[in-house]
Number of protein chains: 2
Amino acid sequence: MISQKAKYALRALLALARAPHDSAVSIAQIADEQSIPKKFLEQILLELKHHGLVESRRGKAGGYSLFRPADTISFGEVLRIIDGPIAPLPCLSRMAYRRCADCGDEASCEVRRVFSRVAEETRDVLDRTSIASALGRTLADIAPDRYGIQAR
Amino acid sequence: MISQKAKYALRALLALARAPHDSAVSIAQIADEQSIPKKFLEQILLELKHHGLVESRRGKAGGYSLFRPADTISFGEVLRIIDGPIAPLPCLSRMAYRRCADCGDEASCEVRRVFSRVAEETRDVLDRTSIASALGRTLADIAPDRYGIQAR
DNA sequence: CAAATCTATACTCACCTTATAGAGTAAGTA
DNA sequence: TACTTACTCTATAAGGTGAGTATAGATTTG
């Protein structure tokens with residue numbers, strides 16, 4: 001299960017992607033539209049900003065907007081920022097590998113072998129699907145590499 | 001991430017599947033071999049027993065053994081027993097569907113659409129892989145339906 | 001300056017995970 | 001029968017995580 005927070009993050013990014021280009025959308029507006037607790041959403045957007053996915057303008061008429069084109073932001077990237085590793089086992093994570101303390105030999109671990117297939121399929125979907133392609137208005141699914149979507 | 005408990009459960013079942021047919025293996029032996037805390041493993045095996053995956057004999061020379069053939073026990077079934085739903089979103093679970101409170105319309109939810117593909121791929125692997133096939137000694141991967149592995 | 005808005009950190013609170021403890025029950029065995 | 005081994009069940013607890021709230025502050029623009 002992905003966290004509620006990650007779901008909010010994705011919904012917020014989708015909302016920003018739908019907004020007219022270069023127009024800032026206020027936290028309040030997104031929170032209201034998407035039924036996300038406002039203060040919680042503030043934290044989430046701040047985190048996405050720290051990771052360079054969105055930018056913000058302060059003051060009256062301020063708000064958030066995407067910092068990168070919507071077809072260069074993959075679901076996988078967002079999930080890794082908010083929820084951490086996607087892999088089903090620590091010993092299968094690329095961003096935060098950790099050996100399983102109780103596993104004698106990784107190469108012969110049956111559990112690992114099975115879940116590595118799960119991990120592969122999951123990354124396949126999440127790293128190839130961008131915010132734009134989820135909205136169904138891009139070519140990123142067809143040639144994602146060209147758009148700089150993070151490689152698996 | 002799957003839970004430590006689920007990993008223990010799978011490892012215990014794999015150990016039972018490796019044991020000579022119809023011979024009971026004691027909790028202590030499995031715990032020792034697999035480096036699983038004994039009292040914790042007791043709980044896990046008991047739970048698997050209640051769900052009809054293993055059987056037990058008490059007394060001296062007692063222990064656990066598989067109740068069903070190893071190629072009829074899928075990874076998915078074990079995970080659902082120990083960790084609950086496999087789906088990445090409550091609104092995608094077949095065993096425990098729950099509408100997302102904050103989602104207006106499921107049919108048009110982009111997040112749901114993307115993760116339904118993840119769920120499908122994941123189930124594909126987990127429900128088609130059995131304890132036996134993980135050990136690499138069965139035909140269940142080739143014709144799983146014939147062996148009664150739970151359909152997706 | 002005032003209002004709207006973002007920035008940052010700290011805090012709560014319930015629930016889940018990962019066990020551990022201990023008393024009880026059953027089956028074989030000397 | 002008494003003893004030993006092993007499974008059965010319930011309770012409990014420490015620690016972590018998830019999902020927010022609260023509070024205070026900093027910027028920008030009108």
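Source: prediction; values computed, not measured. The chains referred to below are lettered A, B, ... by the order of the sequence lines, with proteins before strands, and numbering in each begins at 1.
Within the 3.5 Å criterion, the main-chain N or O of B:Pro90 finds no donor-acceptor partner in the side chain of B:Ser93.
Under the 4.5 Å side-chain heavy-atom criterion for ILVMFWY residues, no single connected hydrophobic cluster contains both A:Phe67 and A:Val25.
Reading DNA chain D from its 5' end, the first and the last nucleotide to sit under 4.0 Å from a heavy atom of chain B are D:dT5 to D:dA11. Protein chain A touches strand DNA chain C; the 5'-most and 3'-most nucleotides with an atom under 4.0 angstrom of its non-hydrogen atoms are C:dA4 to C:dA10.
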Side chain to side chain contact (heavy atoms under 4.5 Å, CB included) evaluation trace for A:Leu16 with A:Ile30: CA-CA 8 Å; A:Leu16 292 179; A:Ile30 300 174; 3.7 Å; yes
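Each end of the helix from C:dC1-D:dG30 to C:dA30-D:dT1 yields a helix axis from five base pairs, and these two axes differ in direction by 0° (to the nearest 10 degrees).
Applying the salt bridge (charged side-chain N to carboxylate O under 4.0 Å, His left out) rule to A:Glu110 yields the partners B:Arg18; only residues at least two apart in sequence or on another chain are considered. Partners of B:Glu33 by salt bridge (charged side-chain N to carboxylate O under 4.0 Å, His left out), not counting sequence neighbours: none found. Every residue meeting the ring pair (Phe, Tyr, Trp, His ring centres under 6.0 Å) condition with B:Tyr8, not counting sequence neighbours, appears here in chain and number order: B:Phe40. A:Glu47 meets the salt bridge (charged side-chain N to carboxylate O under 4.0 Å, His left out) test with A:Lys5; sequence neighbours excluded.
Pairs passing the salt bridge (charged side-chain N to carboxylate O under 4.0 Å, His left out) check and including a residue from residues 98-109 of chain A, sequence neighbours excluded, read A:Asp102-B:Arg11, A:Glu106-A:Arg112.
The minimum heavy-atom distance between A:Cys100 and B:Lys7, with the atom names listed, is SG-NZ, 3.3 Å. Of all heavy-atom pairs spanning B:Val118 and A:Leu126, the tightest one is CG2-CD2, 3.7 Å. Across all their heavy atoms, B:Arg113 and A:Ala134 have their closest contact at NH1-O, 3.7 Å. Nearest approach of A:Ala15 to A:Gln34, heavy atoms of both residues: CB-NE2, 3.9 Å.
Contact check on A:Asp127 versus A:Arg80 returns a salt bridge, with a Lys/Arg side-chain nitrogen under 4.0 Å from an Asp/Glu carboxylate oxygen. Looking at B:Lys39 and B:Glu42, a side-chain N of the basic residue comes within less than 4.0 Å of a carboxylate O on the acidic one, giving a salt bridge.
Expressed to the nearest 0.5 Å, how far CG of B:Leu46 lies from CG of B:Leu41 amounts to 10.5 Å.
Side-chain contact between A:Phe75 and A:Val78 is absent, with no heavy atoms from C-beta onward closer than 4.5 Å.
Using a 4.0 Å cutoff on non-hydrogen atoms, no part of residues 2-16 of chain A comes near DNA chain C. Within residues 51-60 of chain A, the residues having any heavy atom closer than 4.0 Å to DNA chain D are, in order of number, A:Arg58, A:Gly59, A:Lys60. Residues from residues 34-48 of chain B with heavy atoms under 4.0 angstrom of DNA chain D, sorted by number: B:Lys39, B:Glu42, B:Gln43, B:Leu46.
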Side chains of residues 58-66 of chain B: which donor-acceptor pairs under 3.5 Å do they make with residues two or more places apart or in other chains?
none

